[in-house]
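For reference, the structure discussed in these notes is given below.
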There are 2 protein chains.
Amino acid sequence: MSQTVDRALSILPLLARGPADLGQVADELGVHKSTALRLLRTLHEHGLVHRQQDQRYRLGARLFALAQEAVENLDVREIAHPYLAALNERIGHTVHLAVYEEGEVLYIDKVESRYPVRMYSRIGKPVAITVAAVAKLLLADLPEPERRAVAAKLDYPPYTPRSTPNAAAFLKELATVREQGWATDLGGHEESINCVGAPIRGADGRVVAAMSVSAPNVVVTAEELLTLLPQVRRTADAISREYSGTAPTKDNG
Amino acid sequence: MSQTVDRALSILPLLARGPADLGQVADELGVHKSTALRLLRTLHEHGLVHRQQDQRYRLGARLFALAQEAVENLDVREIAHPYLAALNERIGHTVHLAVYEEGEVLYIDKVESRYPVRMYSRIGKPVAITVAAVAKLLLADLPEPERRAVAAKLDYPPYTPRSTPNAAAFLKELATVREQGWATDLGGHEESINCVGAPIRGADGRVVAAMSVSAPNVVVTAEELLTLLPQVRRTADAISREYSGTAPTKDNG
DNA sequence: CGTGCACGTTGCAGGTTGTGCAACGCTCAT
DNA sequence: ATGAGCGTTGCACAACCTGCAACGTGCACG
């Protein structure tokens, strides 16, 4: 829409491929060297490109700083909420959103049928970390040493006969979850409650949050709940796209 | 230098602070809404900004992709070499450059007085990981669980009486190195050789490489070698600035 | 159910601003 | 010493960006 800006921005992916000098940039843009110079100057003033010793141009530190700042100011809950509400609207069961932080997994949002309960920002309730579907999803994505360290330090309370008994079983379960890209909790926390969950990923592919749908046995059986898995996964994927800033898809899940 | 591009780029830091709608962007830029719209459109076409459900604008995924691609295409060795050569020119001793990769520390460049030896790209010689100054610097920056895991798996060969004896001593040494921001190897690998080293950091502050200066006892004592530490650190810092794309400082020292 | 407001969007005329050209200085290799 | 290659600068032209005003839409209000 704006020729000048369009040209200037076209320089960025060009430089991402590696350093280039003025002539190369001008050629690839199809403009005169002096034009390329002015564009590069402007980009340089904003710190987006950096001039190295040999005078060639490269992407600059500001780019990284911007990306980092943007990530820090992203609020998963704010972005996810409409999707969670829409899913809840459709299937009626309770929907949870959780994040991992410093060895703990915390609920940061929850939508119940008819009773939307807003929980406070980052300070939610700690999750039953050894059994909850969201906890498995979040821990499964940790780098191997940290995952191992966390698993070793946990207690494994026998909430029910189906609770995760120990670290070895937990790590095995995490491997499965990591593999298949979704998780369940079938009566592992409370005998009569089942959950299915899916991960929400950031632009770099790392899991930034996890969501789940929970329902008591008396309403739907575990098998029935599992039929909702595709919807849960699609919702999680939609949130991931929105969160990571990928081109939108109207599909809310 | 270019007003249009200048305005367009000014939008980025603005959006990094959080989502904003058209009016806010126009106001903060001090331009008409229609102007802001066109700029945002152009940024959007390039994927640098993303439009979320509520129509507000945010930084987009392309920004992260660019930053990542740029980092991947950065070659520490290429950037560092002139600095290493300059330092070597001044002080005469051997200068090393090393990186950490998959549990190993590898030399990727080396400049000897009068005998510049170019080593092959990424495939260099593994370092005596338990004693070398560069190894300490690189391992000291690893996340705690990985650092611990690596230290536990290593052998601790008694090259000399001053070699690091075991994992506990090594981890303690790494803590010190991490604290002080530089490292030494005083006769830990070969009785008569001393080294001082400093870390090279990327835009995010993580250590991406380490450099060191080595000299035999017969040429300079350990105390004399330590007087070179400020020069080594300044060189490492200069490389860090260049590598991370920060505004340049003419000081190569 | 109508009405007004707020917001995003569009076409247009005017002139600011970006463009390409040509010439200059510099470094480096011949 | 000399020329090639590169980055850089001033200038005249007109292309492109700008702000305005008007339109469409969704939403909250009476």
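Note that this is a predicted model, so its numbers are computed, not measured. Proteins come first, then strands; the chains are lettered A, B, ... in the order of their sequence lines, and each starts at number 1. These values consider heavy atoms only, across backbone and side chains, with no hydrogens, waters or symmetry-generated copies.
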Interatomic distance where CD belongs to Gln55(A) and C1' belongs to dG5(D) [whole Å]: 13 Å
Nearest-nucleotide pick for Leu37(A), side chain only, options being dT8(D), dT18(D), dG7(D): dT8(D)
What verdict does the salt bridge (Lys or Arg N to Asp or Glu O under 4.0 Å) test give for Asp204(A) and Arg206(A), after you've listed the backbone C-alpha separation in whole Å, the side-chain angles of each residue and the deciding distance to 0.1 Å? CA-CA 6 Å; Asp204(A) 55 358; Arg206(A) 293 287 305 272; 5.8 Å; no
Return the value, rounded to whole Å, for the distance between atom CD of Gln3(A) and atom P of dA15(D). 11 Å
Whole angstrom value for the distance that separates P of dC17(D) from CE of Met1(A): 10 Å
Mind checking Arg7(A) for me? I need base, sugar-phosphate or nothing, with any heavy atom below 4.0 Å counting as a touch. sugar-phosphate
Rounded distance (Å) that lies between atom C1' of dG5(D) and atom CG of Asp21(A): 10 Å
Please output the side-chain donor-acceptor pairs of residues 58-71 of chain B that fall under 3.5 Å, not counting sequence neighbours, one pair per line with the distance.
unit_1	atom_1	unit_2	atom_2	d
Arg58(B)	NH1	Glu242(A)	O	3.0
Arg58(B)	NH1	Gln52(B)	OE1	3.3
Arg58(B)	NH2	Glu242(A)	O	3.1
Arg58(B)	NH2	Tyr243(A)	O	3.0

Could you give the NE2-to-P distance, from His32(A) to dT8(D), as a whole number of Å? 14 Å
Pick out which of Val5(B), Val25(B), Leu29(B) makes a side-chain contact (heavy atoms from CB on, under 4.5 Å) with Leu39(B). Leu29(B)
Mark yes or no for whether Ser212(A), through its side chain, and Gly197(A), through its backbone, hold a donor-acceptor pair below 3.5 Å. no
Derivation and outcome, side-chain contact (heavy atoms from CB on, under 4.5 Å), residues Leu97(A) and Val134(A): CA-CA 8 Å; Leu97(A) 182 69; Val134(A) 288; over 6 Å; no
side-chain contact (heavy atoms from CB on, under 4.5 Å) assessment of Ile239(B) paired with Leu84(B): CA-CA 9 Å; Ile239(B) 298 172; Leu84(B) 303 183; 4.0 Å; yes
So Ser34(B), base contact, sugar-phosphate only, or nothing? Heavy-atom distance under 4.0 Å. base
What are the bounds, 5' to 3', of the part of DNA chain C that sits under 4.0 Å from heavy atoms of chain B? dG8(C) to dG18(C)
The answer to which of Lys33(B) and Gly23(A) contacts DNA chain D further toward the 5' end, by nearest nucleotide, is Gly23(A)
Rounded to whole angstroms, how far apart are CG on Asp27(B) and C1' on dG19(D)? 15 Å
Where each residue is assigned the nucleotide of DNA chain D containing its nearest heavy atom, which of Ser2(A) and Arg41(A) is assigned the position nearer the 5′ end? Arg41(A)
Passing candidate, side-chain contact (heavy atoms from CB on, under 4.5 Å) with Pro199(B), options Asp141(B), Asp237(B), Val207(B): Val207(B)
Leu40(A) CG to dT8(D) P, straight-line distance once rounded to whole Å: 10 Å
Under 4.0 angstrom between Thr4(A) side-chain N/O and dC16(D) OP1 or OP2: no
Rounded to whole angstroms, how far apart are NE2 on His44(A) and P on dT8(D)? 10 Å
